[in-house]
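One structure is given below, represented as structure tokens, and several questions about it will come after.
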Amino acid sequence: MGQWHHTGCVLCAQNCGLKVWVENGQMTKVLPDKENPRSQGYACRKGLSVLYHQYPKGRLTHPLKRVNTRFEPLSWDQALTEIAGKMKAVVGESGPRSLAYMGGSSQGGHMEAGFGLGLLRGMGSQYYYSSAGQEFSGHWWVTGRVFGKQYNIAIPDEHRSQMLVAWGWNGIESHQMPRAPKVLKDISKDPGRLLVVVDPRKSETAAIANIHLALRPGTDALLMKAMIAMILDKGWEATDYLKDRLKDWEAVRPWFREFDAEAALRVCGLTPDTVLHLCRLMTTQKWSVHPDLGIYMGRHSTLNSYFLHILGAVCGIFQTPGGNMIPPMVMPMGFHADERNPKTWKNRGHGHAPGGGRVLSPQP
Ligand code: SF4
């Protein structure tokens with residue numbers, strides 16, 4: 001006799017609620033879980049195909065060990081004992097730099113990151129490789145400089161935002177927030193709220209946006225600099241916020257004086273009126289921003305992240321309800337790795353510092 005169970009999808013970091021029918025120890029049916037308070041009945045195609053991912057043909061159900069040219073099964077106890085013995089021997093002989101952990105990203109990989117990092121640090125190593133190191137290293141580095149720790153990522157408090165800005169983010173397709181397609185559609189249809197998309201492409205998210213800034217590809221940093229300069233020129237900045245919450249603002253502010261914003265916008269392929277209108281909205285509305293790979297992996301990726309933080313700060317959105325908030329992490333997927341600290345290990349190949357602990361950082 002089977003039974004429904006409430007569980008969560010592990011195929012991406014949203015962990016949407018799923019209801020699964022389990023019979024004889026096997027899941028046989030999957031539904032979105034309407035009772036899950038975060039996902040509220042939403043699940044995407046991947047989550048609803050979890051049976052395929054859970055029971056693929058050829059899935060290994062026990063460890064295998066290579067013996068000459070063949071693989072032979074062995075028990076979990078035996079496998080773990082042998083691996084632990086070899087790991088300790090390698091680190092004992094060659095030191096902790098001989099050990100690296102690769103994982104903690106991609107499909108469901110975030111679930112193991114806490115344990116993988118615990119093992120890595122327990123063995124004395126800092127070498128952590130992950131596909132996320134390609135995508136986010138510049139952003140994490142900036143986060144460390146702006147908010148003190150590289151894992152202090154400020155995420156949108158979109159439910160309380162009057163305006164959500166999707167910068168290089170096609171949330172309708174890529175998600176990255178609970179029930180992203182529904183949330184985005186709800187915002188764009190609400191007469192009291194706005195969905196703004198900054199993206200050269202008319203993406204699926206741009207197609208439903210209330211405002212779409214289709215800038216020339218690779219000019220995001222220039223647009224951000226122009227927007228900051230325009231806001232300061234008009235005197236629209238959040239003066240009290242900057243005075244109370246920022247350190248060294250006066251050292252940064254001169255970068256935006258006497259900047260030819262109109263010339264910059266010509267390069268971006270945007271009209272000053274459209275951009276000024278968005279600047280006014282940003283300085284009068286509660287807004288949050290959701291950046292993504294469109295700028296993290298685009299031209300000037302680290303500068304994009306830095307200017308976006310300055311733009312947000314000028315408008316006072318960080319740690320402000322309806323703006324971008326820094327949530328606590330139960331299982332950190334990375335760690336603070338400030339390159340100014342002599343104890344931080346650098347990449348042996350290119351010598352760059354890690355970002356968010358990931359050593360693989362081609363664009364720091
Ligand atoms: S968005 Fe899709 S893949 Fe991600 S947790 Fe939800 S159901 Fe799973």
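In this chain, numbering begins with 1 at the start of the sequence shown. First listed ligand is number 1; within each ligand, the first listed atom is number 1.
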- Message: As an exercise, identify every atom of ligand 1 less than 4.0 angstrom from a heavy atom of K46.
- Response: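 Reading through ligand 1 atom by atom, the close ones are 3 (S).
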
- Message: At under 4.0 Å between heavy atoms, is it the side chain or the backbone of L18 that contacts ligand 1, or both, or neither?
- Response: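 Under 4.0 Å from ligand 1, L18 contributes no heavy atoms.
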
- Between the side chains of W167 and D220, is a donor N or O closer than 3.5 angstrom to an acceptor N or O?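 Distance-only check passes for W167 and D220.
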
- Task: Please could you name the atoms of ligand 1 that C9 approaches to less than 4.0 Å, counting only its heavy atoms?
- Result: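 By the 4.0 Å cutoff, the relevant atoms are 3 (S), 5 (S), 7 (S), 8 (Fe).
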
- Message: Minimum distance, heavy atoms only, to atom 2 (Fe) of ligand 1: which one of S39, A43, P32, C44 is it?
- Response: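 Looking at heavy atoms only, C44 sits closest to atom 2 (Fe) of ligand 1.
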
- Task: Kindly state whether the ring of F307 and the ring of F256 have centres lying under 6.0 angstrom apart.
- Result: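 When the ring centroids of F307 and F256 are compared, they turn out to be within the sub-6.0 Å range.
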
- Task: Provide the number and element of each atom of ligand 1 under 4.0 Å from a heavy atom of L11.
- Result: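 So the answer, numbered in order with elements, is 3 (S).
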
- Query: Between A221 and H300, what is the shortest heavy-atom contact and its length?
  - Reply: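 Shortest heavy-atom contact: CB-CB, 4.3 Å.
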
- Within C12, is some N, O or S atom less than 2.8 Å away from atom 4 (Fe) of ligand 1?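 Short answer: yes, at least one N, O or S atom is under the cut-off.
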
- Closest heavy-atom contact between Y127 and L99?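 Closest approach of Y127 to L99: CB-O, 3.7 Å.
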
- Are the side chain of R245 and the backbone N or O of F318 linked by a donor-acceptor pair below 3.5 Å?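 Answer holds: yes.
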
- Message: I'd like to check which ligand 1 atoms, numbered from 1 as shown, lie under 4.0 Å from a non-hydrogen atom of H175.
- Response: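 Every atom of ligand 1 under 4.0 Å from some heavy atom of H175: 1 (S).
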
- Message: Can you confirm whether the side chains of Q78 and W76 place a donor and an acceptor under 3.5 Å from each other?
- Response: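 Looking only at side-chain atoms, W76 and Q78 do not form any donor-acceptor pair under 3.5 Å.
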
